[in-house]
Asks: 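One structure follows; several queries about it will come next.
Remember, it's 1-based here, ligands and their atoms both numbered in the order they're listed. Keep in mind the model is a prediction, meaning the values are calculated, not measured. Only heavy atoms go into these numbers, but all of them, side chains included; no hydrogens, no water, no symmetry mates.
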Amino acid sequence: MTLLVALSGWDCEVWAERFRSLLPDRDVVALGEPFDRREVHYAVSWKHPPGALAGLPNLAAIFSLGAGVDHLLNDDRLPDAPIVRIVDPDLTGRMSEYVVLHALMHLRQQPRYIAQQRKALWDDDRFQPSAREVRVGVMGLGELGRDAARKLAIMGFDVAGWSRRPRQVDGIASYSGADGLDAFLARTDILVVLLPLTDATRGILNEDLFSRLAQDGRLGGPVLINAGRGGLQNEADILRALDEGKLKAASLDVFVEEPLPPDSPFWAREDVIVTPHNAAMSAPDAIAGQIAQQIRNFEAGEPLLNVVDRALGY
Ligand code: NDP
Ligand code: OXD
């Protein structure tokens, strides 16, 4: 029984080694090595080359090494096996670190003070709002969004969330569906995006949505923090909204094209913080053990956990 490790952009050998030590009774092969396609029962993937998992007649499950599965569903030759995604406290904690860090950076104007320091400029600002005066809206109240929302609330922010179906999270005002979107946006000063990329969410971060964000907040304009996926955002609309003041600033971890091309206008903007799609990395030590355990449980007759709904795309 073989586990196929099919990755691009990440170090395949590190992951393959980790799986070999966790599953010593299996063959673990990395894409590119020779293997018998009939022996492959499991595949782990991060952005595998399209078609690489086709023609595996005994494939029982495909494990995404990330929480998002758009990289799998993009492959129109993906076999019809269950897709299992990552839900893991290490990954969730890392994402909440990113979200709280960036919400605080914008609240406390940290990019401005870094720029002032470079110029040896002492310009103290006596009109700093506190977190409780700032409304954060978290788009996507899933595994990551709920944890981030709770931790933002602990910092004192006034937090709401938006999801497809109604969700109850203690201490968080919740909105859902198309009917709830207007009210959610109208009370949002910092928009945190932790949505999956699906047919329903592609391009949702556009000029029309930005114009519905609160314009009367204490930060002097709405701030966008997108750590979901680049395909959620219309990048020309973000740039225009920043230029026109419909957005005051942005933190972007994900982009339509990754790596972000050297000539992207985002690099040079003082009102944009660019991070290289590492808001929450999948750490092999945390993630591989969980997948190995799922394989053992599945073979002992237990159901797979965190199986994706292919029709919904997440
Ligand atoms: P979940 O599937 O747990 O949560 C997704 C949330 O989005 C749910 O609340 C869901 O609503 C909501 N949602 C989905 N579609 C819609 C829609 N059409 N309208 C409104 N709400 C919608 O995912 P996770 O929280 O685990 O992860 C979210 C995303 O974060 C991943 O898909 C991935 O793209 C991204 N990610 C980015 C990382 C990075 O490093 N930048 C790292 C890890 C993940 P409902 O609750 O009703 O189902
Ligand atoms: C993920 C990611 O989906 O790292 O986990 O983007």
Asks: Please check if the side chain of Asp253 supplies one atom and the backbone of Ala279 the other of a donor-acceptor pair under 3.5 Å.
Replies: yes
Asks: What residue and heavy atom of the protein are closest to atom 5 (C) of ligand 1, and at what distance?
Replies: Pro196 CD, 3.7 Å
Asks: List the closest protein heavy-atom neighbour of atom 1 (C) of ligand 2: residue, atom name, distance to the nearest 0.1 Å.
Replies: Ala67 N, 3.4 Å
Asks: Students should be able to answer this: which protein heavy-atom is nearest to atom 42 (C) of ligand 1, and at what distance?
Replies: Ala280 O, 3.4 Å
Asks: Within a reach of under 6.0 Å around CG of Asp170, are more than 12 heavy atoms found that belong to other residues, nucleotides or ligands?
Replies: no
Asks: What is the nearest protein non-hydrogen atom to atom 35 (C) of ligand 1, stated with its residue, atom name and distance?
Replies: Gly228 O, 3.5 Å
Asks: Would you mind checking if Arg240 and Asp243 are paired as a salt bridge, meaning a charged N to carboxylate O distance below 4.0 Å?
Replies: no
Asks: Which of the atoms of ligand 2 are close to Ala280, meaning less than 4.0 Å from one of its heavy atoms?
Replies: 4 (O)
Asks: Got more than 12 heavy atoms from elsewhere within 6.0 Å of CG, Asp199?
Replies: no
Asks: Determine whether the side chain, the backbone, both or neither of Asp253 has a heavy atom under 4.0 Å from any heavy atom of ligand 1.
Replies: side chain
Asks: If the cut-off is 4.0 Å to any non-hydrogen atom of Gly142, which atoms of ligand 1 fall inside it?
Replies: 1 (P), 3 (O), 4 (O), 6 (C), 8 (C), 9 (O), 25 (O)
Asks: Is Arg37 atom CZ crowded by more than 12 heavy atoms from other residues, nucleotides or ligands, each under 6.0 Å away?
Replies: yes
Asks: Does Tyr314, backbone or side chain, put an N or O under 3.5 Å from an N or O of ligand 1?
Replies: yes
Asks: Please assess Arg112 against Asp123 for the test side-chain contact (heavy atoms from CB on, under 4.5 Å), listing each intermediate value before the final yes or no.
Replies: CA-CA 10 Å; Arg112 167 182 161 183; Asp123 179 6; 3.4 Å; yes
Asks: So is there a nitrogen or oxygen of Ala227 less than 3.5 Å from a nitrogen or oxygen in ligand 1?
Replies: yes
Asks: Nearest to atom 12 (C) of ligand 1, what protein heavy atom do you find, and at what distance?
Replies: Leu195 CD2, 3.9 Å
Asks: Identify the two heavy atoms, one from Asp70 and one from Leu197, that lie closest to each other, and give their separation to 0.1 Å.
Replies: CB-O, 3.8 Å
Asks: CD of Glu270: more than 12 outside heavy atoms within 6.0 angstrom?
Replies: no
Asks: Atoms of ligand 1 less than 4.0 Å from Met95 heavy atoms?
Replies: 37 (C), 38 (C), 39 (C), 41 (N), 42 (C)
Asks: Where is the nearest protein heavy atom to atom 19 (N) of ligand 1: which residue, which atom, and how far?
Replies: Trp162 CH2, 3.4 Å
Asks: Tell me which one of Arg229, Glu258, His277, Met281 gets a heavy atom nearest to atom 3 (O) of ligand 2.
Replies: Arg229
Asks: Can you pull out the closest protein heavy atom to atom 28 (C) of ligand 1? Residue, atom name and distance to 0.1 Å, please.
Replies: Leu194 O, 3.4 Å
Asks: What part of Val69, side chain, backbone, both or neither, has a heavy atom within less than 4.0 angstrom of ligand 1?
Replies: neither
Asks: Check whether any N or O atom of Gly66, backbone or side chain, sits under 3.5 Å from an N or O atom of ligand 2, and answer yes or no.
Replies: no
Asks: Counting only heavy atoms not in Arg38, do more than 12 sit closer than 6.0 Å to its CZ atom?
Replies: no
Asks: For Leu305 versus Val84, what's the shortest heavy-atom pair and its separation?
Replies: O-CG1, 3.2 Å
Asks: So is Leu197 in contact with ligand 1, going by heavy-atom distances below 4.0 Å?
Replies: no
Asks: Can you find an N or O of Asp70 that's nearer than 3.5 Å to an N or O of ligand 1?
Replies: no
Asks: Got the closest protein heavy atom to atom 26 (O) of ligand 1, with its distance?
Replies: Arg85 NH1, 2.8 Å
Asks: Polar contacts were defined as any N/O atom of the residue lying under 3.5 Å from an N/O atom of the ligand; does this apply to Thr201 and ligand 1?
Replies: no
Asks: Please work out whether any backbone atom (N, CA, C, O) or any side-chain heavy atom from C-beta onward of Trp46 is under 4.0 Å from ligand 2, and answer side chain, backbone, both or neither.
Replies: side chain
Asks: Looking only at distances, please establish whether an N/O atom of ligand 1 is found under 3.5 Å from an N/O atom of Asn278.
Replies: no
Asks: Phe266 vs Leu239, test: side-chain contact (heavy atoms from CB on, under 4.5 Å). Steps then yes/no.
Replies: CA-CA 8 Å; Phe266 286 120; Leu239 291 164; 3.6 Å; yes
Asks: Under 30°, 30 to 60°, or over 60°: which ring-plane class applies to Trp46 and Trp10, parallel, tilted or perpendicular?
Replies: parallel
Asks: Can a donor-acceptor pair be found between the side chains of Tyr98 and Thr275 at a distance below 3.5 Å?
Replies: yes
Asks: Mind listing the closest non-hydrogen atom pair of Gly137 and Arg187 along with its distance?
Replies: N-NH1, 4.2 Å
Asks: Which bit of Arg167 is near ligand 1, meaning a heavy atom under 4.0 Å away: side chain, backbone, both or neither?
Replies: side chain
Asks: Which residue owns the protein heavy atom closest to atom 44 (C) of ligand 1, what's the atom, and how far is it?
Replies: Leu144 CD1, 3.4 Å
Asks: Do you see a donor-acceptor pair shorter than 3.5 Å between the side chains of Gln294 and Tyr42?
Replies: no
Asks: Can you list the atoms of ligand 1 that are under 4.0 Å from a heavy atom of Ala200?
Replies: 18 (N)
